[in-house]
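Following: one structure in structure tokens, then a few remarks.
Convention: sequence-line order gives letters A, B, ...; per-chain numbering from 1. From a predicted model like this one, the values you see are computed outputs, not experimental measurements.
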2 protein chains.
Amino acid sequence: MRRTTNTIDYLAETEELARFAKALGHPTRIKILNYLENQSCCFTGDLLEVIPLAQSTISQHLKELKAAGLIQGEVNPPKIKYCINQENWDKAKQLFNNFFSDRNIVSCE
Amino acid sequence: MRRTTNTIDYLAETEELARFAKALGHPTRIKILNYLENQSCCFTGDLLEVIPLAQSTISQHLKELKAAGLIQGEVNPPKIKYCINQENWDKAKQLFNNFFSDRNIVSCE
DNA sequence: ATTATTAATCGTATATTTGCGATGAACTTA
DNA sequence: TAAGTTCATCGCAAATATACGATTAATAAT
């Protein structure tokens, strides 16, 4: 990409919200998170039974969710147990909540 | 992409949420929406003063937000007045709210 | 009619995302 | 030690996203 021109200064909150939103921006990842919301935790193998994608593809989605901080993995040899990262989950919840609540409805011009 | 193998069947709600999230997944679009939340409406020109990107780039971001249903444009020659689409805004708010609230916290395994 | 203003769209370049199969790493079990 | 299980990572292909400048379209003002 040719963004040589500018490095834009966004508010930290703006970037954080965008990062969370981006992580949520794929139906497979929503489905994974919905699964985790109900199961509290899961292993990659569980997801393979629920989502018809290659193991490597699901692993990549998990990696992204982990990078965004929404989930965390805990080794439980030979498996890895994935859970929602409650701290960041709450942070994301807060950010989205604020975002949708800040609306200041006034008549236009 | 090589997704010849499967067309995955997601819940309508899942796809809808992912679509909204994807639209929010870029700091420029968050900034635009934050601007609209406070101003109620704006013209593309207003945004050019606030965001150091080319006019065509901002126009593209507006197009995406419009495609996601989060904003709407009303011709106000020779300008175009953009506002938040309240109906879909509320729908998105509801979807995110449900998503973050559905968490069923139980001990693991 | 001509010019100015505003914003969309086109064409292009590059980066990122999504997906797969194959392979590798870590640990268990036989 | 050898084979099995589980998951990450690599390498690749194709699609999509991001950004820009140039152009076009629509309307207003002169």
Taking only side-chain nitrogens and oxygens of [X], does any of them come within less than 4.0 Å of OP1 or OP2 of [N]?
| X | N | value |
| --- | --- | --- |
| A:H61 | C:dT17 | no |
| A:H26 | D:dT16 | no |
| A:K22 | C:dT16 | no |

| Protein-nucleotide distance (A:L62, atom CG; D:dT9, atom C1'), rounded to Å | 14 Å

Quick one: which of [options] gets closest to the side chain of [X]?
| X | options | answer |
| --- | --- | --- |
| A:A54 | C:dT18, D:dC20, C:dC20 | C:dC20 |
| A:S56 | C:dC20, C:dT9, C:dG19 | C:dC20 |
| A:E64 | C:dT18, D:dT9, C:dG19 | C:dT18 |

| Does B:F96 belong to the same Ile/Leu/Val/Met/Phe/Trp/Tyr cluster as B:L11, with side-chain heavy atoms less than 4.5 Å apart forming each link? | no

| task | Sequence neighbours left out, what passes salt bridge (Lys or Arg N to Asp or Glu O under 4.0 Å) with A:R29? Give chain and number order. | result | A:E64

| Stem regions touching DNA chain D, defined by at least 3 consecutive Watson-Crick or wobble G-U pairs below 3.5 angstrom | C:1-30 with D:1-30

Using nucleotides 2-7 of chain C, report all nitrogen or oxygen pairs with the protein that are shorter than 3.5 Å.
{"unit_1": "C:dA7", "atom_1": "OP1", "unit_2": "B:T44", "atom_2": "N", "d": "3.3"}
{"unit_1": "C:dA7", "atom_1": "OP2", "unit_2": "B:G45", "atom_2": "N", "d": "2.9"}

How would you list, by chain and number, every residue that makes a side chain to side chain donor-acceptor pair (under 3.5 Å) with [X], sequence neighbours excluded?
| X | result |
| --- | --- |
| A:Q55 | none |
| B:E16 | B:K91 |
| A:E15 | none |

| Can you list the steps and then say if B:L36 with B:W89 is a side chain to side chain contact (heavy atoms under 4.5 Å, CB included)? | CA-CA 12 Å; B:L36 284 174; B:W89 185 264; over 6 Å; no

